[in-house]
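Each remark here refers to the structure printed beneath this line.
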Amino acid sequence: MAKFIKTPVKGMCDQLPADMRLREHVLSMIKTSYSRFGFTQIETPVMEHIENLTSKQGGDNEKLIFKVMKRGADLARAIDAGKGELADSGLRYDLTLPLSRYYANNKEQLPSPFKALQIGPVFRADQPQKGRFRMFTQCDIDILGDNTNLAEIELVAATSDMLSGIFSEVGITDFTIHINDRQILRGAAKNAGFAEDDIASILISLDKYDKIGLDGIRAELTENGYDAAMVDKYLEIYQNLGDVSCAAFCKDINENCLDPKVVSNMDEIISSARTMVADGVKIVFDPTLVRGMGYYTGPIFEVTIDDYNFSIAGGGRYDKMVGNFCGQDVPATGFSIGFERIITILKDKLDNRYKIDADNVAILIHKDVTLDKKLEIFKEAKELRQAGRTVTIQMMRKNMKQQINMLEAEGYTEFKKVYND
């Protein structure tokens with residue numbers, strides 16, 4: 001007899017009713033908040049063509065794909081051939097690549113600019129840890145078809161508004177939005193003398209700034225064979241950063257390496273967004289912010305909260321992605337919300353005691369109640385439900401105190417006990 005395993009697959013979670021109440025409440029807040037900024041909800045399949053997922057656009061996430069094998073005769077032929085890819089599709093590792101394919105496929109039916117809200121599960125064969133899962137929900141907002149910085153300003157304002165609303169429920173009013181630009185990262189590397197082909201490798205090391213510091217980055221770049229003098233020149237610009245402005249950081253980068261318009265654009269995004277965020281929300285230029293995705297082409301963002309060693313949101317501009325599908329570049333920028341990480345923080349702060357304010361009714365019927373009496377109760381329950389109330393009907397248990405305690409934990413606040421008259 002086959003052995004059944006009752007626990008979920010590693011890195012994936014069962015959601016208990018209390019968990020689902022919290023998740024649905026947060027999802028409702030996200031949808032309501034983003035709709036006020038004009039974002040409309042769409043949906044894409046969880047499975048994508050393997051060619052799309054392995055297009056060298058997803059950074060390290062392409063190493064974490066859950067591949068889906070070919071089926072039937074196609075699989076048999078691939079196995080018999082003894083070479084080639086056995087998979088023809090895979091589970092999506094984010095929502096940005098599917099959105100780009102979606103837009104390219106449907107753009108004639110969509111407005112321009114198109115403000116999309118997408119919520120759904122994504123899958124990564126990652127090493128599970130707190131706040132990191134193999135199946136998790138992402139919430140993305142994207143603006144496609146707008147090549148101005150109004151897109152970035154709207155994304156930052158909308159995300160800040162949404163996060164402020166959610167976290168205010170648990171007393172968190174302060175968080176930080178970090179902003180940088182991939183062109184500034186490239187410009188700093190080119191200014192130090194690195195070749196264009198080396199920049200991606202350089203940025204992989206810089207992305208470890210928070211973990212290994214400048215000395216660790218210097219050692220890593222030197223070990224990778226880069227000239228020590230060139231490495232020193234490159235890292236000099238990252239010394240003593242503090243609360244540095246974009247203009248101050250970029251003042252020594254040659255204009256041949258960085259267009260001054262990039263700097264003025266960054267300052268405009270930051271100053272404009274600051275006028276729309278809540279008190280306590282900091283927006284800072286962060287020259288060490290890299291973001292690992294290969295598809296970013298301009299401004300990039302990340303959101304952090306003190307006392308947590310992970311970001312809760314991130315994104316940026318990806319003007320070349322849609323063109324991979326339709327042959328014509330489309331300006332695009334997006335913000336992805338780490339829904340599971342937000343839930344992790346809320347549960348920490350709530351100590352798992354989250355309850356939805358509701359006026360729910362539980363009707364408890366004694367085992368000896370007659371059928372006629374039950375019919376009266378069923379009619380009453382129908383009327384309450386039609387009036388918008390949530391009603392559950394249960395047989396009364398011997399340990400009624402425990403039964404009521406469990407119902408209270410589920411959000412029921414009114415109890416009607418039914419006996420024969």
Side-chain angles (χ1 to χ4, degrees), residues 147-153 155-157 176-222 226-277 281-293 296-304 311 314-319 331 333:
N147 62 2
T148 73
N149 62 19
L150 183 59
E152 280 85 358
I153 295 167
L155 288 176
V156 172
T176 303
I177 302 175
H178 306 255
I179 302 182
N180 198 8
D181 194 301
R182 295 286 287 199
Q183 295 182 73
I184 293 174
L185 290 165
R186 291 178 62 253
K190 290 173 66 177
N191 191 69
F194 290 111
E196 183 71 34
D197 291 344
D198 292 329
I199 292 178
S201 174
I202 299 298
L203 294 184
I204 289 174
S205 296
L206 181 64
D207 200 22
K208 302 173 186 176
Y209 176 85
D210 288 341
K211 296 179 180 178
I212 64 176
L214 290 182
D215 289 340
I217 296 171
R218 179 178 288 103
E220 186 169 294
L221 292 177
T222 304
Y226 294 108
D227 179 75
M230 196 180 298
V231 171
D232 287 341
K233 181 178 180 180
Y234 173 61
L235 295 181
E236 184 178 355
I237 196 172
Y238 291 98
Q239 298 282 350
N240 304 317
L241 290 177
D243 188 14
V244 65
S245 69
C246 180
F249 177 81
C250 297
K251 63 182 177 61
D252 293 325
I253 299 178
N254 194 293
E255 289 189 9
N256 294 328
C257 301
L258 178 64
D259 187 338
K261 291 181 181 178
V262 174
V263 179
S264 59
N265 182 61
M266 180 61 55
D267 286 338
E268 187 171 322
I269 291 171
I270 293 174
S271 61
S272 298
R274 280 174 175 164
T275 66
M276 290 190 280
V277 302
V281 177
K282 293 186 292 184
I283 301 178
V284 300
F285 171 68
D286 184 352
T288 66
L289 177 63
V290 173
R291 302 284 303 161
M293 296 300 192
Y296 290 128
T297 60
I300 50 178
F301 330 99
E302 204 159 86
V303 182
T304 61
S311 63
R317 181 167 285 274
Y318 53 101
D319 287 346
T333 188

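Positions are given from 1, in the same order as the sequence printed here. What you see below is based on every heavy atom in this structure, not just the backbone, and it leaves out hydrogens, waters and symmetry mates.
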So, the side chain of [X] versus the backbone of [Y]: is there a donor-acceptor pair under 3.5 Å, distance only?
| X | Y | value |
| --- | --- | --- |
| Lys233 | Asn191 | yes |
| Ser272 | Ile269 | no |
| Ser311 | Glu302 | no |
| Asn180 | Pro287 | yes |
| Arg182 | Arg291 | yes |
| Arg186 | Ile199 | no |
| Ser264 | Lys261 | yes |
| Thr333 | Gly316 | yes |

Can you tell me how far apart [atom1] ([X]) and [atom2] ([Y]) are? Round to the nearest 0.5 Å.
| X | Y | atom1 | atom2 | answer |
| --- | --- | --- | --- | --- |
| Leu221 | Leu206 | CG | CG | 8.5 Å |
| Ser245 | Lys251 | OG | NZ | 10.0 Å |
| Ile212 | Asp207 | CD1 | CG | 10.0 Å |
| Gln183 | Asp259 | CD | CG | 7.5 Å |

Quiz item: Does a sphere of radius 6.0 Å around CG in Asn254 hold more than 12 heavy atoms from other residues, nucleotides or ligands, not counting ones at 6.0 Å or beyond?
Solution: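 Atom CG in Asn254 is crowded, with more than 12 foreign heavy atoms closer than 6.0 Å.
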
Quiz item: More than 12 foreign heavy atoms under 6.0 Å from CD of Glu255: is that the case here?
Solution: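 Open.
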
Do [X] and [Y] have side chains that get closer than 4.5 Å, going by heavy atoms?
| X | Y | result |
| --- | --- | --- |
| Asp181 | Tyr296 | no |
| Pro299 | Asn265 | yes |
| Thr288 | His178 | no |
| Phe285 | Ile184 | yes |
| Val263 | Ile253 | no |
| Leu241 | Tyr209 | yes |

